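These numbers come from a predicted model, not from an experiment.
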Amino acid sequence: MERQDRNQIIMLGTGYATATHCYNTCFILKTPDTMLLVDAGGGNGILNQLEEAKINLSDIHSLFITHAHTDHILGAVWVVRMIASLIKSGKYNGTFTVYGHEKALKVLEWICRMTLPAKFTSLIGTSVLLHEVKDKDELSIGDIKLQCFDILSTKEKQFGFRALLPDGTTLACLGDEPYNENNKNYVENADWLLCEAFCLYKDRDIFKPYEKHHSTALEAGALADKLNVKNLLLYHTEDKSLATRKANYTEEAAQNFKGNIFVPYDLETINI
């Protein structure tokens, strides 16, 4: 892995589940010594996104899966497959660890065992490790310290996390559903808040975010202000307005939040 001095978020995808004009939401959290993949999108498009971002699979040793929806976990099957192939060919050093709650790991393992060759699935438990995390668990992944939390979804069990980076920067990842007040301690005063914004508030009747357990850019801005975060990053959006998304989502979130607002494109790198 090429070393850099800054912490970075590399957005591999920024779209919602059925997006066809951008990839599903997933990202790399990168420090000078660690590369953590968070979710992997909905298919083998993850391989193209990593290639476009000039990230070698051999440099990825950790994956955090927030939940078992198709647009987050199916790409993980491809990551497991390709890393297992690298291991078998002697082109991968060390182990690959997937972190997630019990259901997410069960789903991933079942799909892998049902679809991948035995020569690859034989590595599960030895070179490919499935590490179950529970609500409130703390763990270290390289030089990143994570505290995991159940986002308390009523739709699908899902975990977010608060990350402490080696320079003291804090980052809260809410997954892809709205914030629950019971998780205030994990999110409040974070330097960075990663938050879904399914659409603009003015377009809510078109995209119907509330029916899908999502929120809007306007509400994300209000949340960031309420929780006293410094930087707000919006993702998991609709894909019908990509040409104007950055400007319009930023403008709407800024109605409630005076901090820094980021609405990244796929493959955009943000120094944090």
_Tyr92/His61 aromatic ring centres below 6.0 Å_ = yes

*Quick one: do Phe198 and Val263 end up in the same hydrophobic cluster if we chain Ile, Leu, Val, Met, Phe, Trp and Tyr together by side-chain heavy atoms under 4.5 Å apart?*
no

_Checking side-chain contact (heavy atoms from CB on, under 4.5 Å) between Asn260 and each of Thr250, Asn231, Leu232, which is the one that passes?_
Asn231

*So Phe159 and His101, ring-ring contact (aromatic ring centres under 6.0 Å, His included) or not? Walk me through it.*
CA-CA 7 Å; Phe159 276 15; His101 59 69; 5.2 Å; yes

_Salt bridge Lys226-Glu181, side-chain N to carboxylate O under 4.0 Å_ = yes

*Give a yes or no on this: more than 12 heavy atoms of other residues, nucleotides or ligands lie within 6.0 Å of atom CD of Glu132.*
yes

*What is the ring orientation for His72 with His67, classed by angle as parallel under 30°, tilted 30 to 60°, or perpendicular over 60°?*
tilted

*Just checking, is any N or O donor in the side chain of Asn271 or Asn7 under 3.5 Å from an acceptor N or O on the other one?*
no

*asked:* Quick check on the 6.0 Å ring-centre criterion: do Tyr16 and His236 meet it?
replied: no

*Does the Asn256 side chain pair with the main chain of Ala253, one donor and one acceptor, at a distance under 3.5 Å?*
no

*Are Lys246 and Glu268 within salt-bridge range, i.e. N to O under 4.0 Å?*
yes

*Indicate the ring-plane relationship of Phe27 and Phe161, choosing parallel, tilted or perpendicular according to the 30° and 60° boundaries.*
tilted

*Flag this pair as yes if the NZ/CZ of Lys136 is under 6.0 angstrom from the six-membered ring centre of Phe149 and inside a 45 degree cone about the axis; otherwise no.*
no

*Does Val38 share a hydrophobic cluster with Trp192, counting links as ILVMFWY side-chain heavy atoms below 4.5 Å and allowing steps through other members?*
yes

*Under 4.5 Å between side-chain heavy atoms, hopping through other hydrophobics if needed: is there a path connecting Leu57 to Ile124?*
yes

